[in-house]
Amino acid sequence: MATDLAQQFCALRDTYIEKQFGRLNDMQREAVFTTNGPLLILAGAGSGKTTVLVNRIANLIRFGSAHGSRWTPREVTEDDVKALRTAIMTGTDAPSWLDGMLRKDAVRSWNVMAITFTNKAAGELKERLRRMLGGEEGDEVFASTFHSACVRILRRWAEEIGYPRSFTIYDSDDSQRVMKAVYKELSVDDKFFPVKSAINQMSRWKDQLISPAEALKTPARDTKGALAAKVYAAYEKKLKEAGAFDFDDLIYQTVILLSEHEDVREFYQNKYKYLLVDEYQDTSVAQFRLVSLLTGPEKNICVVGDDDQSIYRFRGATIENILNFERIYKGTRTIRLEQNYRSTSNILNAANCVIQHNTERKGKTLWTKNGEGDKVQVYTAENEQDEASHIADVIGQHLKEGGHLADHAILYRMNAQSAPIESYFTRAGIPHKIVGGQRFNDRKEVKDIHSYMSIVANPRDDVRLRRIINEPARKIGATTIEVIADLAAQQGISMLDVISHADQYAKLSRAIAPLFKFWDIYQKLQESLETKTLDEFASDVIEITGYRAMLEADAAKGHEDAADRLQNLGQLVNNVKSYCDQHGEEASLEGYLEDIALISDIDSYNESADQVVLMTIHSAKGLEFPYVFLIGMEEGVFPSEMSKYSEADLEEERRLAYVGITRAKKELYISNSVTRMLYGRTQRNEPSRFLREIEPEYIEETRSPVLEQRSRLGGWGSGYGSDTVPGGASGYSGPSGWGRAASGYGSGYGSRSGYLNKEYNAPMSNNRGFGSDYAGRGSASSGHGGCDSGSGSSGFGSGYGRPAAPKAPVRPAGGGVTSSPRPAAASTGPKHYEPGDIVEHKVFGRGKVLKVKPAAGDQIVEISFEKVGVKKTMANFAPLVKITTEE
DNA sequence: GGCCGCTGATTTTTT
DNA sequence: ATCAGCGGCC
């Protein structure tokens, strides 16, 4: 009887627990209920990977390994069974007196560690855990990036490996400075072996856990290899002297610590009984080692990844980690998540087609219940302007149908490709933002102030000291700095120590006054830190160092960006303030510096603004958008020129294509261009092999009307699917409509002519055209529609969006094909608007002109659109047609 | 110390 | 085409 009840209870318990995870599919649930031993989850794009991670952690904490077990902690009573049955039937929580009966070996939340690559992913994980488990439990789970986790470990044990607890974290800029100093000391020629290459080589060595000594021992292939090992050793010595770790060291040194100190290792193995690693396909050898050192003897290690999305080989990721996981951890359970919740089947099939051409993979086939959706739209453009124009057409169409700008993402292989789109969108007044580029914390003025702050935290940090000792100018020249460095090196003390006793050194006699002045500033800063709040301290740094005064003087002198810089420093203080608010009592200078060292812009990329997003495919990993434009699908661009000689590199490019395709939820637009201007040369590119790899049944092709016209004339080879005539330079630009989305915008757009004045590439100084917004951490740039770039005269006429007609004669056709003369289509001349005019904009639809402001031969037109509100655009460049004139 | 002009390089990037 | 970095000159 009792056993009978127990059996009943256990069965009900399974039902109950399963119901808690009822929204998962079978595979996902299996992953969640596999609690012990090594687990490999191969999670395809959009397969609910984060959901699985979160649910798996929740299950560990709430039920442990109770699911599927026959175990009970005590005799089961009829009340137990009844209560559980009721809970299941009514869909309510089981009464709390059953708690102990529902969990077996339940894990405490602080025994779980989840590691991700980006702060964004870690933040997302924490947020969802909090939502699922409630604040207290959720916050106790240790979810962080590899680097933050290592910092946390090192802060506690750094002294064990000969570093101070208050170590500094060097970013790539700092690393470069150190390496440059090393080059100088060892008289290495940067021309012979660039600093960048040395840093790269060193980084790879650290990724592979190769120490300076080992690098030196290993017989080098050539002089450069030997040199690299030499500078690596010197660099490492310098960092140790400065009490600093670079990004790679954070991992590398933590591995050293854990390998060499059994007690420390056991401490963590005992603390974190369950380990979860996200994006496992992107881990390096060092990260692999780190994870195995943290994994205790029970081997409760769960890794999640997608070998098909491994795109960081170039920076040290070894796809082998995921490919060999099962071999390394015996008894691994492998679960594939292949159901996709993101995209339509046409998109997924296209993705599957492409990735199938790779050989080094585990093999997965994504499927979905989302329905077929539209076919993948492939557009062959004449050139990059045409490509941009076509994208604007499509977006405009979507907007008319009620879509949002922010639902559109433009993805490309390399950053240079954003320029034509950026320029086109800016001129057309289409709000957009480019993700990537310079980060807020990388700006010079910001880095300078941070450097001041870090030498207060860590007086040994000579690299940062050198950075700011004469910024603003204090008459401490290069010679003096080198003397100080020499003296410091001789005595094994820091440069700041030397400065504080400058009067004791004859060699410094001439520089005593400025040095003491500097020392005085330093002491004032120390005092400020001790007596004031952190944000007041930050503000003091800007003040006391004379930095603000310098910028104000610059501004007075008419330096254009000085005002921006001042604003950035204001933002810096705000950031410090919000750091303080976030951390309350825990806030510290070290903590703040750590945050800024480890947090990037994309983490704070604000998705709320209604703007089209432009970014590289690399940056887009992990994101999704309803409408995705994958541009520049051409041989030599994507796959990139550099990759086409190595099969492994090509496979990585293909994975990148796969990542790009799988970002799209509803519709995917792929484009290639017959000609493209790259690095100042116009090249003809064949369509990408990745395009050809997609079965025709999933795609729908369109070609630029210009190209259609041309082939009707019997001239040029076509692009996609057939051979291109090599060397056939195009100078001809025939009449054209508006691409496939043409919908009667009046004749002005139909015919083309006009010429793109060169000046029009200029007004986008500062990367701040109107309508554009860089995702920058904290930088309060926002808003669009502001039309602040006065620009030169126009003459663009009606040929909007058409390629820039060459000013010089077209490059002669290489293959003996002569280009046709350009037809003399008449330009309609500059466009003029008056308040009250009704206009039609290619993207924003119909609207009424509110204001017109003349600007350097052009007009800035403020228009109230029916659908999208008030926007400003440049009259001659916006895709704008006058419909009626009022009165 | 600051400005001018030349040279060369220019896949991808988080931390 | 564009930009950063460096060397030379005032």
Below 4.0 Å: OP1/OP2 of [N] and any side-chain N or O of [X]:
X         : N       : result
Lys191(A) : dA9(B)  : no
Asn415(A) : dT11(B) : no
Ser619(A) : dT13(B) : yes

Looking at [options], which one has an atom nearest to any side-chain atom of [X]?
X         : options                   : answer
Met414(A) : dT14(B), dA1(C), dT12(B)  : dT12(B)
Phe247(A) : dT11(B), dT13(B), dT15(B) : dT15(B)
Asn119(A) : dT15(B), dT13(B), dT11(B) : dT15(B)
Tyr679(A) : dT15(B), dA1(C), dT13(B)  : dA1(C)
Met642(A) : dT11(B), dT12(B), dC6(C)  : dT11(B)
Thr118(A) : dT11(B), dT12(B), dT15(B) : dT15(B)

Rounded to the nearest angstrom, tell me the gap between atom [atom1] in [X] and atom [atom2] in [N].
X         : N       : atom1 : atom2 : result
Asp649(A) : dT12(B) : CG    : C1'   : 11 Å
Lys196(A) : dG8(B)  : NZ    : P     : 16 Å
Arg315(A) : dT13(B) : CZ    : P     : 9 Å
Met202(A) : dT15(B) : CE    : C1'   : 14 Å
Asp282(A) : dT12(B) : CG    : P     : 17 Å
His147(A) : dT13(B) : NE2   : P     : 16 Å
Phe117(A) : dT15(B) : CZ    : P     : 10 Å
Tyr252(A) : dT15(B) : OH    : P     : 23 Å

(Q) Are Arg155(A) and Phe167(A) packed together at the side-chain level, in the sense that at least one heavy-atom pair is separated by less than 4.5 angstrom? (A)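 Yes, at least one pair of side-chain atoms sits under 4.5 Å.
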Q) Mind checking whether Phe245(A) and Leu154(A) have side chains closer than 4.5 Å, heavy atoms only? A)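 Answer yes - side chains close enough.
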Over all strands shown, is [X] touching base, sugar-phosphate only, or nothing at heavy-atom distances under 4.0 angstrom?
X         : result
Lys621(A) : nothing
Thr616(A) : sugar-phosphate
Phe638(A) : nothing
Phe314(A) : base
Asp190(A) : nothing

Q | Given DNA chain B, 5'-ward residue of the pair His618(A) and Leu250(A), judged by closest heavy atom | A |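 Its nucleotide being nearer the 5' end, the pick is His618(A).
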Q) So which one's nearest nucleotide on DNA chain B is more toward 5', Ser148(A) or Asn470(A)? A)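 Going by which nucleotide is closer to the 5' end, it is Asn470(A).
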Q. Can you tell me if Asp306(A) uses its side chain to pair, donor with acceptor, with the backbone of Asp308(A) under 3.5 Å?
A.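 Between the backbone of Asp308(A) and the side chain of Asp306(A) there is a qualifying donor-acceptor contact (under 3.5 Å).
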Q | Phe142(A) six-ring face occupied by Arg152(A) cation (under 6.0 Å, within 45°) | A |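 So Arg152(A) does make the cation-pi contact.
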Q.
When you measure from the centre of the six-membered ring of Tyr312(A), is the NZ or CZ of Arg315(A) closer than 6.0 Å and no more than 45° off the axis?
A.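 Arg315(A) over Tyr312(A) ring: yes.
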Q: Return the set of residues passing salt bridge (Lys or Arg N to Asp or Glu O under 4.0 Å) with Lys621(A) (not counting sequence neighbours), or none when no residue passes.
A: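 Glu279(A), Asp282(A).
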